[in-house]
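Here the structure is laid out as structure tokens; the discussion comes afterwards.
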There are 2 protein chains.
Amino acid sequence: MARAASTKGPTRIQREKTEAILEAALEVFATYGFRGSTLDQIAAQSGISKPNILYYFDGKETIHAELLARLLETWLEPLEHMSDKGDPVEEICAYVARKLAMSRDYPRQSRLFANEVLQGAPRILDELAGPLKALTDEKAALIQGWIDAGLIKAIDPYHLIFSIWSTTQHYADFDVQVRTVLADKADDRFKKAAAFLDTMYRATLTP
Amino acid sequence: MARAASTKGPTRIQREKTEAILEAALEVFATYGFRGSTLDQIAAQSGISKPNILYYFDGKETIHAELLARLLETWLEPLEHMSDKGDPVEEICAYVARKLAMSRDYPRQSRLFANEVLQGAPRILDELAGPLKALTDEKAALIQGWIDAGLIKAIDPYHLIFSIWSTTQHYADFDVQVRTVLADKADDRFKKAAAFLDTMYRATLTP
DNA sequence: CATAGTTTTGACCATATGGTCAGAAAATAC
DNA sequence: GTATTTTCTGACCATATGGTCAAAACTATG
């Protein structure tokens with residue numbers, strides 16, 4: 001059996017294979033969603049046979065759950081960084097830039113999340129209602145504090161955060177559309193997007 | 001056989017059943033995407049037996065194609081309305097409002113589209129590269145004209161349009177997340193969103 | 001109501017899919 | 001090298017799924 005000895009950690013092979021499986025599964029689940037993905041696709045993508053995949057993971061569900069768990073660890077991080085130390089406008093714009101960079105560097109994670117939420121977030125709702133809501137409430141309160149202090153314009157903090165999530169994730173989730181519409185101008189889309197979003201949020205926030 | 005007499009139009013039953021099937025299919029495809037949806041789900045949702053569904057449509061693919069075709073007819077309409085007749089800021093803000101209203105009134109269509117694009121737009125890429133790109137190019141040029149005339153601030157027209165698409169569709173595609181984060185404050189989310197977006201785009205555009 | 005045309009269904013099929021298992025192959029321990 | 005443990009695979013299974021078909025049920029029309 002895999003899922004290894006509690007005394008000694010996982011073997012090298014266990015680490016390598018589970019990583020390879022998760023890497024392939026991310027590719028597949030991010031593209032087709034949970035129901036639309038098959039173990040055979042993950043097997044083909046990873047070059048690991050289906051029974052061997054099931055030697056390392058209890059089943060399709062377990063692989064997906066592991067990916068979501070890892071995702072959420074890093075997903076909230078950029079927002080956590082937003083603090084009351086710096087200038088409010090700079091803090092928010094830096095958050096926008098970090099979030100956009102994540103869409104550029106981890107588009108599959110973004111799509112995995114998008115697929116899950118689009119389908120009603122059946123396996124992640126608790127995380128949304130728990131950690132995500134808690135963090136959002138906290139940061140919304142921080143933004144409200146800035147507004148009350150007259151440091152930024154009066155806008156709804158929650159919808160500001162929603163707009164940041166949507167505009168930045170759009171470049172990962174709708175990448176095909178963005179590239180198709182931009183056609184030959186698509187190469188520097190992330191640079192242009194960064195510039196546009198910076199301009200927009202400065203205009204929106206600067207009192 | 002259904003798919004009816006070319007002389008006489010479709011019968012009442014044909015119209016009712018095809019509509020019922022498409023209505024149910026929209027519900028299912030919007031939630032699970034093409035690959036994740038099954039004819040049995042559509043059958044259960046519509047109360048029409050699977051063989052009977054296949055009497056009206058050639059197959060799963062055909063139903064999906066019909067939905068996408070109908071979707072695109074109406075999807076581009078709000079943007080088409082944006083004209084050079086009125087004040088630029090008002091024209092763009094009106095477009096934002098119309099697009100947000102579509103997320104509120106037709107969330108399933110938005111999710112159907114999102115699922116399709118998320119999965120690489122395999123059955124809709126031509127429409128993106130054709131009509132959608134053409135319309136976007138046209139309206140981007142219109143916006144650029146306003147910029148050149150000094151009527152709005154200098155921003156990238158394409159990324160402005162992307163931001164409008166993403167912020168408005170977010171309220172349909174990520175509805176679960178929005179409602180979860182807002183919790184008891186979720187009821188007037190569309191009103192609040194409209195106000196926020198209006199404020200943001202006025203700040204972004206007004207010279 | 002009888003007939004022709006339309007609509008619906010139960011039974012069925014081929015393939016896909018998630019998953020199991022006994023044993024082979026490979027790695028590790030001694 | 002041999003014994004032991006870990007890793008891997010081919011063959012297999014039960015169920016799900018897209019789709020077919022002949023015949024039954026229904027509807028409209030003369």
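First the proteins, then the strands, lettered A, B, ... as listed; each starts at 1. Just so we're clear, the structure is a prediction, and the values are computed from it rather than from any experiment.
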(Q) I need a per-nucleotide contact map over nucleotides 8-20 of chain D, read 5' to 3'. Cutoff is protein heavy atoms under 4.0 Å; write B for the base, S for backbone only, - otherwise. (A) BBB------SBBB
Q. Aromatic rings B:F162 and B:W165: how do their planes relate, parallel, tilted or perpendicular, breaks at 30° and 60°?
A. tilted
**Q.** Ring-face cation contact, A:F34 with A:R123, 6.0 Å cut, 45° max
**A.** yes
Q. Okay, side chain of A:K139, backbone of A:E80: is any donor-acceptor separation there less than 3.5 Å?
A. yes
**Q.** SB check B:E127 B:K133 (cutoff 4.0 Å)
**A.** no
Q.
Could you tell me if the side chain of B:L112 sits less than 4.5 Å from the side chain of B:L26, heavy atoms only?
A. yes
Q. Under 6.0 Å from the six-membered ring centre of A:W75 and within 45° of its axis: does the NZ or CZ of A:K99 meet both?
A. yes
(Q) Parallel, tilted or perpendicular, judged at 30° and 60°: which one describes the rings of B:F29 and B:H64? (A) perpendicular
List, with names and distances, any nitrogen or oxygen atoms from the protein found under 3.5 Å away from nitrogen or oxygen atoms belonging to nucleotides 22-25 of chain D.
none

Q | A:R70: side-chain hydrogen bond (donor to acceptor under 3.5 Å, both in side chains) partners, not counting sequence neighbours | A | A:E19, A:E66
Q: Using whole Å, report how far CZ of B:R15 lies from C1' of C:dT7.
A: 15 Å
